[in-house]
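In what follows, every chain begins at residue 1, and chains take the letters A, B, ... in the order their sequences are listed.
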There are 2 protein chains.
Amino acid sequence: MENTTRTTITNTTTGTPACCSCSRDDLPWKGRGTTLDISGCRFSLYPMTDDFVSIILGALEKTDTSAVWSQSDALSTVYRGKLPYVADAVRGLFVNAWKEGVHMALEGQFSKGCPGDCDGDSLLDREGPVPNLPAIQDQHFPVLCKLALYPMGVGNYIDEIARVWRMAETAGLEPASIHYATRIHGDVHAVFDYLEAVCKLMQESVPHYILHFTLSVNSPTQEG
Amino acid sequence: MENTTRTTITNTTTGTPACCSCSRDDLPWKGRGTTLDISGCRFSLYPMTDDFVSIILGALEKTDTSAVWSQSDALSTVYRGKLPYVADAVRGLFVNAWKEGVHMALEGQFSKGCPGDCDGDSLLDREGPVPNLPAIQDQHFPVLCKLALYPMGVGNYIDEIARVWRMAETAGLEPASIHYATRIHGDVHAVFDYLEAVCKLMQESVPHYILHFTLSVNSPTQEG
């Protein structure tokens, strides 16, 4: 068992984290709030069924979150840590939630480098293989996905967006332009591999990025 | 009846719009793709009930979309036109979809100024009052909301984000920082008024912005 460190910095006045939000105007904003290797994903799962509570709780329970810092509220859950473990936990949760015939969406945002980020609220001493993939890698189902990438604070953000578009073509995910987003589709693992590859490229290319995505399975809507 | 113009520019090779996506790398990217006053909102409605199809279709049917250009696919719907009409249509749809005791989320992104945007796919000759508000303004219910604002291509984006944070405080929406987003809460109309005010401020302040938001009603999760 590895020795893990989890820290939460809480503003005792308001009960909200005292850091890690671009929305704060009392911070220096001199660049990244932390130089540590902290990525994160905030996401919400929407099973369109009366049984949504047990699907969400069942998926959360099945998912190994030992490699990430995690926090849930009424709107969403956030995982934070090193990118491979964060991405693995989100993939695990989604595959564990999938149920034959149940229409479900996962809305989320991967991000790294917010100027208001902090050193706490993460788990960074994890090493070794990801914990969820071995248990889910043989499950396959088709996924529709829309995504929008925001490389922040740089003038050439369009070039970065064009690069990840080409990556989707290369990955066989057949990207299509829609207003304000890009659509892709493919097997659940191909889509998650792609999302993680985009995050990896962005953290090497720009100081701060956000990748919004929505995954949909078992949609009753037939497209022409 | 006003004379309206609706145009769709379609790439006949792929069946996807031939414009309006940052993801395209065959466009000049010399600034905004259009100088016209085109705002848009792409959104998805997630009623967490077996009855989700009738709730979504019922809300779409009840909502007056005569003042916006609209397109739906299996993942989401987009409304485009002048900001007040776009915001009114989204508000109308959400209020029309609300149902006592049904947990529901609306995920969306308002945007204007994408370098890959185009002159088509919109409805810009509408004048006069918004069509949906009169029918829904007396319906009130509490809403939880998370939002994330992305002013693109500018170095001082944090200053803009701080401004809209203060606007939420002034509006009594009690903003709270969470990782990668801001949370607010209030009556449905106060929240929509705020989202629209942020869009209005951004279109005056930056060349290109995206405002992601998630609204949640009737959540079974009790927060401490």
Side-chain angles (χ1 to χ4, degrees), chain A residues 14 16-17 19-25 29 40 42 44 46-50 52-53 71 73-76 78 80 103 105 107 109 111 114-116 121 144 146 148 150 152-155 157-158 161-162 164-166 175-183 210 212 214 216 219-223, chain B residues 14-17 19-25 29 40 42 44 46-50 52-53 71 73-76 78 80 103 105 107 109 111 114-116 121 144 146 148 150 152-155 157-158 161-162 165-166 175-183 210 212 214 216 219-223:
Chain A
T14 65
T16 58
C19 53
C20 311
S21 171
C22 287
S23 322
R24 296 287 303 276
D25 59 351
W29 309 125
R42 176 172 293 284
S44 306
Y46 306 118
M48 258 73 79
T49 165
D50 292 349
F52 70 95
V53 172
Q71 191 173 57
D73 65 22
L75 277 162
S76 52
V78 63
R80 281 167 51 91
H103 179 31
E107 169 217 345
Q109 50 183 144
S111 184
C114 176
D121 296 349
L144 300 179
K146 70 178 166 70
Y150 307 115
M152 300 306 296
V154 293
Y157 64 99
I158 294 295
I161 292 167
V164 308
W165 163 276
R166 288 192 295 268
S177 297
I178 55 174
H179 290 292
Y180 315 117
T182 298
R183 275 190 60 168
I210 308 96
H212 276 262
T214 304
S216 170
S219 170
T221 305
Q222 297 297 320
E223 297 186 322
Chain B
T14 64
T16 58
C19 52
C20 310
S21 171
C22 287
S23 323
R24 296 288 301 278
D25 59 351
W29 309 124
R42 176 171 293 285
S44 305
Y46 305 118
M48 259 72 79
T49 164
D50 291 350
F52 71 96
V53 173
Q71 192 173 59
D73 65 21
L75 276 162
S76 52
V78 64
R80 279 166 52 90
H103 179 30
E107 170 217 343
Q109 49 182 145
S111 184
C114 176
D121 296 350
L144 300 178
K146 69 179 167 70
Y150 307 116
M152 300 305 297
V154 292
Y157 64 99
I158 294 295
I161 292 167
W165 163 276
R166 289 192 295 267
S177 298
I178 55 175
H179 290 292
Y180 315 116
T182 298
R183 274 190 62 167
I210 307 96
H212 276 261
T214 304
S216 170
S219 169
T221 306
Q222 297 298 318
E223 297 186 321

Part of Val53(A) within contact of chain B (heavy atom distance under 4.5 Å):
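Looking at Val53(A), just its side chain touches chain B.
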Establish, yes or no, whether a centroid distance under 6.0 Å links the rings of His103(A) and Tyr46(B).
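That pair fails the under 6.0 Å test.
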Between His212(B) and Tyr180(A), is the ring centroid distance below 6.0 Å?
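Aromatic pair excluded; centres sit 6.0 Å or further apart.
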Please flag which part of [X] lies under 4.5 Å from any non-hydrogen atom of chain A: side chain, backbone, both or neither.
X	result
Pro220(B)	side chain
Ser219(B)	side chain
Val154(B)	backbone

Is any side-chain heavy atom of Ile178(B) less than 4.5 Å from a side-chain heavy atom of Gln71(A)?
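Answer no - side chains too far apart.
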Does some side-chain heavy atom of Met48(A) sit less than 4.5 Å from a side-chain heavy atom of Thr49(B)?
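No, their side chains stay 4.5 Å or more apart.
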Check for a donor-acceptor pair, side chain of Glu223(A) on one end and backbone N or O of Ala74(B) on the other, with a separation under 3.5 Å.
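Indeed, once roles are kept as given, a pair shorter than 3.5 Å links the two residues.
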Choice from Pro47(A), Ala105(A), Gly155(A), Ala148(A) maximising heavy atom contacts with chain B below 4.5 Å:
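Of the candidates given, the most pairs with chain B belong to Pro47(A).
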Max heavy-atom pair count under 4.5 Å with chain B, selected residue of Leu75(A), Thr221(A), Val78(A)
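That would be Leu75(A).
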Say you draw a straight line from OG of Ser76(B) to CG of Leu144(A); how long is it, rounded to the nearest 0.5 Å?
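The CG atom of Leu144(A) is 10.5 Å from OG of Ser76(B), to the nearest 0.5 Å.
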Salt bridge flag under 4.0 Å for residues Asp73(A) and Lys146(B):
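Salt bridge between Asp73(A) and Lys146(B), a charged N being under 4.0 Å from a carboxylate O: no.
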State, to 0.1 Å, how close Ala181(B) and Gln109(A) come at their nearest heavy-atom pair, and which atoms those are.
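Closest pair (atom of Ala181(B), atom of Gln109(A), distance): CB-OE1, 4.2 Å.
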